[in-house]
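Treat the numbers as computed from the prediction; the structure is a model and nothing was measured. Letters A, B, ... are given to chains in the order of the sequence lines, protein chains preceding strands, and every chain is numbered from 1.
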There are 2 protein chains.
Amino acid sequence: MNQDDLVPIPFVFEQPCPIRDVLDRIGDQWSLLVLQVLEHGTMRFSAIHRAIGDISKQMLSKTLKHLEEDGFIRRTLYPEVPPRVEYDLTDLGRSFLVPMKQLTLWADENHRAICEAREKHADRAGA
Amino acid sequence: MNQDDLVPIPFVFEQPCPIRDVLDRIGDQWSLLVLQVLEHGTMRFSAIHRAIGDISKQMLSKTLKHLEEDGFIRRTLYPEVPPRVEYDLTDLGRSFLVPMKQLTLWADENHRAICEAREKHADRAGA
DNA sequence: GGCAAAGGTCTATTTCTTGGACCTAGTCGA
DNA sequence: TCGACTAGGTCCAAGAAATAGACCTTTGCC
């Protein structure tokens with residue numbers, strides 16, 4: 001341990017760390033947003049795309065692939081022409097919404113405080 | 001509304017949306033990790049750096065700046081030589097840990113399920 | 001004089017994202 | 001019969017962002 005560390009036991013994430021493993025996937029630009037959107041029910045690729053608005057098709061495609069890979073969502077392809085693909089949450093995905101809900105609720109409740117902090121910060125920087 | 005949307009009311013994030021505003025900041029590669037680390041108490045730059053392990057100094061610096069800007073953490077500079085800088089959570093930051101805790105708890109509990117989903121997926125892809 | 005310290009910043013290189021063109025194949029209208 | 005259109009992607013070139021590592025600061029110590 002480094003002698004002037006303030007934290008008694010040097011806190012280091014264990015490798016491999018389940019929290020990091022999950023956060024690395026979920027904690028990207030889009031995954032939480034996609035899950036949030038899918039809370040509203042089964043949706044098609046283009047509907048999700050429209051709902052988020054400013055995600056590129058490629059990133060949406062990649063994000064959906066990751067979420068499917070990790071078992072959060074299910075992808076159902078109807079081999080029609082043109083193809084139809086539906087996405088919906090698995091039980092795992094739905095169970096994830098519980099803690100995620102807490103987080104978005106917090107975001108909603110504390111948004112004002114965050115904005116105020118930003119303004120105060122901008123003032124200090126501008127002065 | 002697009003006629004074959006499966007979701008009755010076309011779900012689109014309002015602009016500006018508090019959830020997106022918060023998630024865009026918090027939902028990056030490192031912010032959650034930094035907050036998680038700071039839960040353990042006041043820490044210096046290099047201690048946080050060591051704790052996370054694979055973050056670059058530049059990204060850590062930027063992440064800390066953002067978190068300070070948004071009022072999650074407090075930065076205290078002691079103008080000694082060499083300089084000493086300590087970071088700790090504000091009340092806002094600490095209050096954020098509550099929902100975040102739920103999330104990491106979920107991550108811990110469901111890590112195995114996620115790994116299994118990944119394996120199953122790899123099998124399907126490999127077959 | 002020369003090195004070390006902590007907390008960064010600067011730069012060159014690699015990696016990630018983006019917007020937009022393109023693909024597929026069946027159905028519709030002209 | 002020809003062409004356009006559809007949904008869900010993929011591919012590519014170009015721009016944006018992250019990384020590793022050199023460098024900077026000021027003071028104390030050998």
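- Atom C1' of nucleotide dT6(D) and atom CG of L77(A) are separated by 15 Å, given to the nearest angstrom.
- For Y87(B), no side-chain nitrogen or oxygen approaches OP1 or OP2 of dA6(C) to under 4.0 Å.
- A salt bridge links D91(B) to R94(B): one of the charged nitrogens lies within less than 4.0 Å of a carboxylate oxygen.
- Phosphate contact (OP1/OP2 of dA6(C), side-chain N/O of S46(B), threshold under 4.0 Å): absent.
- For S95(A), the side-chain hydrogen bond (donor to acceptor under 3.5 Å, both in side chains) partners at least two apart in sequence or on another chain are W106(B).
- Salt bridge status for K62(B) with D28(B): absent, with no side-chain N to carboxylate O gap under 4.0 Å.
- Nearest-nucleotide mapping onto DNA chain C: of K65(B) and K57(A), the residue sitting toward the 5' end is K65(B).
- Phosphate proximity of dA7(D) to R44(A): absent, as no side-chain N or O sits under 4.0 Å from OP1 or OP2.
- Atom C1' of nucleotide dG9(D) and atom CE of M43(A) are separated by 17 Å, given to the nearest angstrom.
- When the P atom of dT15(C) is taken as reference, atom CD of Q29(B) falls 15 Å away, rounded to whole Å.
- Here dA7(D) presents its P atom at 14 Å from CD1 of I48(A), a figure rounded to the nearest Å.
- In this model, the phosphate group of dT10(D) is approached by a side-chain N or O of S61(A) to a distance below 4.0 Å at OP1 or OP2.
- With a 4.5 Å cut-off on side-chain heavy atoms, F96(B) and N110(A) do not count as touching.
- Here salt bridge (Lys or Arg N to Asp or Glu O under 4.0 Å) pairs that include residues 103-117 of chain B, with residues two or more places apart or in two chains, number zero.
- Between the CD1 atom in I26(A) and the CG atom in L103(B) there is a gap of 8.5 Å [rounded to 0.5 Å].
- Side-chain contact between E86(B) and L77(B): absent, with no pair of heavy atoms (C-beta onward) separated by less than 4.5 Å.
- Annotation for T90(A) and G71(A): closest pair OG1-O, 2.6 Å, computed over non-hydrogen atoms.
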*Apply the test side chain to side chain contact (heavy atoms under 4.5 Å, CB included) to residues I52(B) and W30(B): give CA-CA distance (whole Å), side-chain angles for both, the deciding distance (0.1 Å), then the verdict.*
CA-CA 9 Å; I52(B) 296 185; W30(B) 303 113; 3.7 Å; yes

Listing time: all N or O pairs from protein to nucleotides 13-18 of chain D that are below 3.5 Å?
| unit_1 | atom_1 | unit_2 | atom_2 | d |
| --- | --- | --- | --- | --- |
| dA18(D) | OP2 | K62(B) | NZ | 3.1 |

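- Identified under the ring-ring contact (aromatic ring centres under 6.0 Å, His included) test for residues 41-61 of chain B, with sequence neighbours left out: none.
- Summarising the geometry, the separation between CG on D54(A) and C1' on dT18(C) is reported as 11 Å, rounded to the nearest angstrom.
- Within the helix from dG1(C)-dC30(D) to dA30(C)-dT1(D), the inter-axis angle between the opening and closing five-pair segments is 30°, rounded to 10°.
- In this structure, CG of L60(A) is placed 11 Å from P of dT10(D), rounded to the nearest angstrom.
- Contact of the F72(A) side chain with the L97(A) side chain is not registered, since no non-hydrogen atoms from C-beta on lie closer than 4.5 Å.
- When all heavy atoms of A107(B) and I19(A) are compared, the pair lying nearest together is CB-CA, 4.4 Å.
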Tabulate atom names and distances for all N/O pairs under 3.5 angstrom spanning the protein and nucleotides 24-30 of chain C.
none

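- The phosphate of dG8(C) has OP1 or OP2 within less than 4.0 Å of a side-chain N or O from R75(B).
- In this structure, of dG7(C), dG9(D), dA7(D), it is dG7(C) that holds the atom nearest to the side chain of F45(B).
- Distance CD (E86(A)) to P (dA7(D)): 13 Å, rounded to an integer number of Å.
- Atom-to-atom, NE2 of H49(B) to C1' of dA20(D) comes out at 10 Å; the value is rounded to the nearest Å.
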